Amino acid sequence: MDRARFEHLLDAYGADFRRWPANERVPAEAFMRENAQVLAPLLDTAGALDAKLDLARSSPSPSAGLISRIVAAAPRARAAPRRTNYAPAGWALAACTLLGVLIGYSGGALAAPSADQDDYFAAAFEAPPTMIDTGDPG
Amino acid sequence: MREGLRLMIDPDAETVRLAGAGDVRAAETLVRRHLPKMVGLARRMLNDGAEAEDVAQEVFLRVWREAPKWRPGAAKFETWMHRVAINLCYDRMRRRREKADPDAGMEMADPAPLAGEVWLAQQRAAAVNAALAALPERQRAALALVHFQEMTNIAAAEALEISVEALESLLARGRRAMRAALADVAQDLIDDADGASRG
């Protein structure tokens, strides 16, 4: 911190070091202590302007009506849709599926075509000998 | 000049998230926390109480629009709100210039009879606000944010979308102009008050 830097910051931020950049406050206070006599008039001038500006610091509180209007315009959570309970139907579906699989598995094994059945199907496509028209009347 | 390491912990982040999800209590918390600052800033920028409330309301309408999709990012929520407010004020000042309304931004102290001290305080505040209103708008905004809103230099620079160096230049020029403007005005008011009390 040197005098030029100190004056630059004083011109910008005023006499209250709390408004100064955080990383400049400690060096500025040290520089101020070391050069109090020279810098005091500059700080007084800046402090006088701060005080004048502070004459306009107070501001009327926002009206209750304004607060209500703004809050009324805030987003509202939508009511959650009614949840239908699908659990019993789900269990029933799962049970049916399982039953079907089990029946299919076991029934399939029982219904596996046997050699006899092959013969039966083969016979179904053969005309019985009695129905063969030989052209012989009799 | 930049501050080195900066923690980006946004004290509003959770409240904004809740408000965006429709939590009315969170929305009211945000309003009570920030509305006075928004009105105060707009009032200093526009020097008009009614317009300041309009601007503050518009800021919050934008907050409600943005809150559901708000993600903590480079700037704090409060800094973003200040930026929105400043830009809305710039818009209104531009419209005033286009309309060339000579009375705009010339808010006077309440004319109702008041006790001497209260009257004097109002006159002084009106004088300071009138001097602020006469500043170029960017200088006015810089002073409003740093002196009255007490924002850090980095937050104020972010709100104005300028560098810290540019902010310091605006502040220095604004303070110089205010010193010149208030040198006479404040003393006149003090003399008036002394005269009134003697009379």
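Treat the numbers as computed from the prediction; the structure is a model and nothing was measured. The basis for the numbers below is simple: all heavy atoms, side chains too, and nothing from hydrogens, waters or symmetry mates.
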Atom pair CG (A/Leu9) and CG (B/Asn153), whose distance is rounded to the nearest 0.5 Å: 9.0 Å
Rounding to 0.5 Å, atoms CD (B/Gln123) and CG (A/Leu55) come to a distance of 12.0 Å
Which portion of [X] sits near chain B, non-hydrogen atoms under 4.5 angstrom:
X       : result
A/Ala46 : both
A/Arg18 : neither
A/Asp50 : both

Quick one: of [options], who has the most non-hydrogen atom pairs under 4.5 Å with chain A?
options                             : value
B/Ala19, B/Gly20, B/Ala52, B/Gly22  : B/Gly22
B/Arg32, B/Arg44, B/Met38, B/Arg176 : B/Arg44
B/Asp23, B/Val31, B/Leu132          : B/Val31
B/Gly40, B/Pro36, B/Ala56           : B/Pro36

Expected output: side-chain A/Arg69 to main-chain B/Gln57 donor-acceptor under 3.5 Å: no
Can you find a heavy atom in the side chain of B/Glu168 that is under 4.5 Å from one in the side chain of A/Tyr13?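 Touching, per the 4.5 Å side-chain cut-off.
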Flag the pair B/Val128 / A/Arg57 as yes when at least one side-chain heavy-atom distance between them is below 4.5 Å, and no otherwise.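 No, too far: nothing below the 4.5 Å cut-off.
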Is it possible for you to say whether B/Leu18 and B/Val24 belong to one hydrophobic cluster, with membership spreading through side-chain heavy-atom contacts below 4.5 Å?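 No: no chain of side-chain contacts under 4.5 Å links B/Leu18 to B/Val24.
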Indicate, with yes or no, if A/Leu43 and A/Val38 share a hydrophobic cluster defined by side-chain heavy-atom contacts under 4.5 Å among Ile, Leu, Val, Met, Phe, Trp and Tyr.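 No, A/Val38 and A/Leu43 fall in different hydrophobic clusters.
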Heavy-atom closest contact ([X] atom, [Y] atom, distance):
X        : Y        : value
B/Leu171 : A/Ala12  : CB-O, 3.3 Å
A/Lys52  : B/Leu182 : NZ-O, 3.5 Å
A/Ala73  : B/Trp64  : O-CD1, 3.3 Å

Heavy-atom contact with chain A under 4.5 Å, split by part of B/Leu35: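 Looking at B/Leu35, backbone and side chain both touch chain A.
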Between B/Arg179 and A/Asp11, is there a side-chain N and carboxylate O pair less than 4.0 Å apart?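 No, B/Arg179 and A/Asp11 are not salt-bridged.
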Which of residues 26-34 of chain A have a heavy atom under 4.5 Å from any heavy atom of chain B? none
Could you list the donor-acceptor pairs under 3.5 angstrom formed by side chains in residues 141-151 of chain B, with sequence neighbours left out?
from	atom 1	to	atom 2	distance (Å)
B/His147	NE2	A/Asp54	OD1	2.8
B/Gln149	NE2	B/Lys37	O	3.1
B/Gln149	NE2	B/His82	NE2	3.0

Given the options A/Val71, A/Ile67, A/Leu10, A/Leu66, which has more heavy-atom pairs under 4.5 Å with chain B than any of the others? A/Leu66
